[in-house]
Number of protein chains: 2
Amino acid sequence: MVRAVPDTHGEILAAAARQFTVTGYRGTSLQDIAREVGCSKATVLYHFANKEALLAELMAPAIDVLRSLDDQLNGLTGAAAQEVAAQGFVDLAVRFRREIAVLRGEFPELLCQPAFAHIQQISDRLRDALAGHSDRPGARIAALVLLAGISEACAEFVDIPDDELRPALRTLARRAVEPVDAPLAHPPTTEDKDS
Amino acid sequence: MVRAVPDTHGEILAAAARQFTVTGYRGTSLQDIAREVGCSKATVLYHFANKEALLAELMAPAIDVLRSLDDQLNGLTGAAAQEVAAQGFVDLAVRFRREIAVLRGEFPELLCQPAFAHIQQISDRLRDALAGHSDRPGARIAALVLLAGISEACAEFVDIPDDELRPALRTLARRAVEPVDAPLAHPPTTEDKDS
DNA sequence: TCAGACCCTGACCGATCGGTCAGACTGAGG
DNA sequence: CCTCAGTCTGACCGATCGGTCAGGGTCTGA
């Protein structure tokens with residue numbers, strides 16, 4: 001058999017993905033990655049300008065999809081935006097479970113890096129759409145709980161098949177989103193003094 | 001005015017809490033904490049055996065409450081367990097927002113430390129109760145989404161008053177929990193082949 | 001045969017990490 | 001006055017981090 005040209009670049013990328021998933025970005029050293037690939041740390045830095053570039057290349061596909069979901073959301077309002085945001089994010093999260101697991105927890109620090117410059121704004125818009133562009137605290141809190149919870153669930157349930165995880169999350173999202181067009185299911189309480 | 005005996009121990013604890021909240025446990029060095037307090041790093045290590053002991057003392061109250069919730073849950077089943085788990089966790093999360101923010105993301109690594117030996121099992125039982133002790137993937141996924149989402153929301157909305165955050169989360173939890181006693185709201189789909 | 005691009009490496013760099021240690025300072029008690 | 005416990009510190013330690021660099025192999029095309 002012909003030994004294919006050793007795709008060191010790809011091997012490093014794959015090893016980094018595995019390690020980042022388990023021990024996080026910060027918790028994984030270039031030495032760790034090099035050891036798993038079976039090369040020197042200098043080789044890792046030959047293929048990638050620095051550790052950050054490695055992460056950026058790893059996350060690029062997920063970020064692209066997130067960006068396109070943001071475009072799709074642009075102009076939509078009310079229940080339509082909620083539906084698209086919920087279903088779109090569920091699909092994205094299920095598909096890019098590994099990438100989400102990498103970011104888990106290190107989100108705030110990682111967002112400072114130039115590669116993730118606009119992620120914060122996009123996810124803010126996503127959250128806003130999921131809240132039905134409402135200012136009600138209940139709606140905004142529900143949106144954040146859903147986005148964060150779905151992310152965490154996808155990162156944790158790595159071994160559940162997509163076809164099982166996706167419909168469960170879709171159902172949950174539909175149930176948990178604060179309705180914005182239809183009248184509220186629960187009667188307004190006494191604390192409706194604002195607006 | 002009498003200058004009270006300088007409570008360096010407490011000052012270090014408070015500074016650590018602030019720093020951990022912002023930059024995380026791993027991302028905060030003993031030097032950082034010492035700088036904020038205005039003492040030397042050696043002083044920090046005079047008052048606390050090591051960095052881990054500092055974290056442990058910081059988290060102790062939250063862990064106590066979590067443990068008592070676990071006791072309270074012991075023996076409860078079905079909808080009763082779901083209700084207690086949901087409301088109990090919401091209260092705990094709202095109250096210990098800062099502590100949750102500290103753990104944010106570094107959960108997996110931090111759980112390895114002896115101070116947090118049983119947290120994993122407790123949170124597993126909590127999740128199980130929230131799922132109504134059901135094996136249905138939908139119920140288990142909903143429980144995880146809720147627990148993770150509530151934690152994240154509490155860590156993020158640090159400036160929302162408790163009285164606003166708590167009822168919103170309670171309402172959301174009640175809406176999002178997969179009902180286990182009452183018949184399902186949504187008709188069973190075609191994929192009900194298991195069990 | 002030779003030049004040059006490509007791939008890879010060991011040795012090394014400065015910075016920072018958590019942690020140790022001997023000793024200085026201080027205030028209370030005998 | 002001396003002692004001693006409590007508090008605090010600068011200097012230092014080994015380990016590890018991300019990253020640099022000069023140079024060695026190897027392959028290819030002129």
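Distance from the side chain of K51(B) is smallest for dG19(C) among the nucleotides dC21(C), dG19(C), dC17(D). Of the candidates dC17(C), dT20(C), dC8(D), dC8(D) carries the atom nearest the T8(B) side chain, counting heavy atoms from C-beta on. Considering only the side chain of S40(B), dG10(D) comes nearest among dG18(C), dT20(C), dG10(D). In this structure, of dC8(D), dC17(C), dT9(C), it is dC8(D) that holds the atom nearest to the side chain of Y46(B). Distance from the side chain of T43(B) is smallest to dC8(D) among dG19(C), dC21(D), dC8(D).
L169(A) approaches C154(A) most closely through the heavy-atom pair CD1-SG, 3.7 Å. Pairing each heavy atom of I12(B) with each of V44(B), the nearest pair is CD1-CA, 3.8 Å.
For R26(B) and dC17(C), the CZ to P distance is 13 Å, given to the nearest whole Å. One atom, CG of L55(A), and another, P of dG19(D), lie 12 Å apart when rounded to the nearest Å. Going from atom CZ of F48(B) over to atom P of dC8(D) covers 12 Å, rounded to whole Å. The NE2 atom of H9(A) sits 11 Å away from the P atom of dC8(C) (whole-angstrom rounding). One atom, CZ of R35(A), and another, P of dT9(C), lie 14 Å apart when rounded to the nearest Å. Note: CG (L30(A)) to P (dT9(C)) measures 14 Å, nearest angstrom. Distance CG (N50(B)) to P (dC13(D)): 22 Å, rounded to an integer number of Å. Atom CG of D7(A) is separated from atom C1' of dC8(C) by 15 Å (rounded to the nearest Å).
Ionic pairing of D32(B) and R35(B) is present here: one or more N-O contacts between side-chain nitrogen and carboxylate oxygen are shorter than 4.0 angstrom. Salt bridge present: R127(A) and E156(B) bring a charged side-chain N and a carboxylate O closer than 4.0 Å.
Neither OP1 nor OP2 of dT16(D) sits under 4.0 Å from any side-chain N or O of S29(A). Proximity of H47(B) to the phosphate of dG6(D): no side-chain N or O atom is located under 4.0 Å from OP1 or OP2.
The environment of H9(A) atom NE2 is dense: over 12 non-hydrogen atoms of other residues, nucleotides or ligands sit within 6.0 angstrom.
Between the side chain of K41(B) and the base of dG18(C), at least one donor-acceptor pair of N or O atoms lies under 3.5 Å.
Nearer to the 5' terminus of DNA chain D, by closest-nucleotide assignment, is the contact made by C39(B) (compared with the other of L45(A) and C39(B)).
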